[in-house]
Amino acid sequence: MEAADAGRTLVLVDAANVMGSRPDGWWRDRVAAVNRLLDELQAWAIGHPGDVVVIVEGVVCDGIHEGVHGGVEVRHATRKGIDAADDRIVELVRAASHLEVEVVTADRELRRRVVALGAQVTGPRSLFDRL
């Protein structure tokens with residue numbers, strides 16, 4: 001870990017999985033649901049000593065542009081189809097090997113993949129408790 005990054009954590013949020021854990025009607029308007037999640041994450045990120053990145057896929061990619069939104073970075077899955085966001089998250093974990101990485105998901109297979117790369121995993125409920 002580089003000295004400048006000591007104590008910094010990169011939090012990668014599996015947006016679809018986290019949204020899917022709350023039965024609040026997210027499926028009716030996925031873009032609005034991600035925007036609600038972004039609002040919550042932006043407020044939390046102000047005091048977080050690291051970077052927060054939300055990975056989105058599918059129709060949400062057309063509705064929310066990549067980039068930093070109020071202190072939270074949005075990244076798109078780089079392809080369409082099953083496990084597209086998962087593959088992007090694994091790619092981001094590999095690229096951040098010098099950081100402490102936390103992946104927020106309840107997806108068992110994604111958990112297995114990122115833990116093998118040294119990331120910590122927490123579930124959506126743990127994230128919501130912090131928000």
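Just so it is clear, the model here is predicted, and its values are computed rather than measured. Residues: numbered from 1 along the sequence shown.
- In terms of heavy-atom proximity, S21 sits nearest to P124 at OG-CB, 3.3 Å.
- Here the side chains of H65 and V74 are not in contact, with every heavy-atom distance at 4.5 Å or above.
- If you take CZ on R22 and CG on L37, they are separated by 6.5 Å, rounding to the nearest 0.5 Å.
- The two residues A45 and V52 make their nearest non-hydrogen contact at CB-CG2, 4.1 Å.
- For the atom pair CD1 (I89) and CZ (R75), the distance works out to 11.5 Å, reported to the nearest 0.5 Å.
- Under the 4.5 Å side-chain heavy-atom criterion for Ile, Leu, Val, Met, Phe, Trp and Tyr, F128 and V72 are members of the same hydrophobic cluster.
- Taking the side chain as every heavy atom from C-beta outward, L127 and L41 approach each other to under 4.5 Å.
- Taking 4.5 Å as the limit, every side-chain heavy atom of V104 sits out of range of all side-chain heavy atoms of S126.
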Discussion item. Is there a side-chain contact (heavy atoms from CB on, under 4.5 Å) between D107 and D86? Walk through the geometry before answering.
Written reply: CA-CA 9 Å; D107 181 309; D86 295 2; 3.3 Å; yes
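- At a threshold of 4.5 Å between non-hydrogen side-chain atoms, the residues L38 and I64 count as touching.
- Between the R88 side chain and the H76 main chain, a donor and an acceptor come within less than 3.5 Å of each other.
- Residues R36 and W26 come closest through the heavy atom pair NH2-CA, 4.1 Å.
- Both L117 and V115 belong to a common hydrophobic cluster when Ile, Leu, Val, Met, Phe, Trp and Tyr are linked at side-chain heavy-atom distances under 4.5 angstrom.
- Counting only heavy atoms from C-beta outward, the side chains of T105 and V121 approach each other to under 4.5 Å.
- For the pairing with V93, the side-chain contact (heavy atoms from CB on, under 4.5 Å) check across L10, V103, L110, L99 returns one residue only, V103.
- Note on I46: it does not cluster hydrophobically with V11, by side-chain heavy-atom contacts below 4.5 Å among ILVMFWY residues.
- Counting only heavy atoms from C-beta outward, the side chains of D14 and I55 never approach each other to under 4.5 Å.
- Both V54 and L131 sit in one connected hydrophobic cluster of ILVMFWY residues. Membership requires side-chain heavy atoms under 4.5 Å apart, directly or through other members.
- By the neighbour-count criterion of 12 heavy atoms within 6.0 Å, atom CZ of R130 is densely surrounded, having more than that number from other residues, nucleotides or ligands.
- The pair R79-D87 counts as a salt bridge, with a side-chain nitrogen and a carboxylate oxygen less than 4.0 angstrom apart.
- Using modelled atom types, one side-chain atom of Q42 and one backbone atom of H69 make a donor-acceptor pair closer than 3.5 Å.
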Worksheet entry | Test log, rule salt bridge (Lys or Arg N to Asp or Glu O under 4.0 Å), inputs E109 and R112 | CA-CA 5 Å; E109 178 58 18; R112 184 196 63 75; 2.5 Å; yes
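- Counting heavy-atom neighbours within 6.0 Å of I82 CD1, excluding the residue itself, gives a total of 12 or less.
- Applying the salt bridge (Lys or Arg N to Asp or Glu O under 4.0 Å) definition to pairs two or more places apart or across chains, those involving residues 45-62 are R8-D51.
- With sequence neighbours excluded, the residues forming a ring-ring contact (aromatic ring centres under 6.0 Å, His included) with H48 are W44, listed by chain and number.
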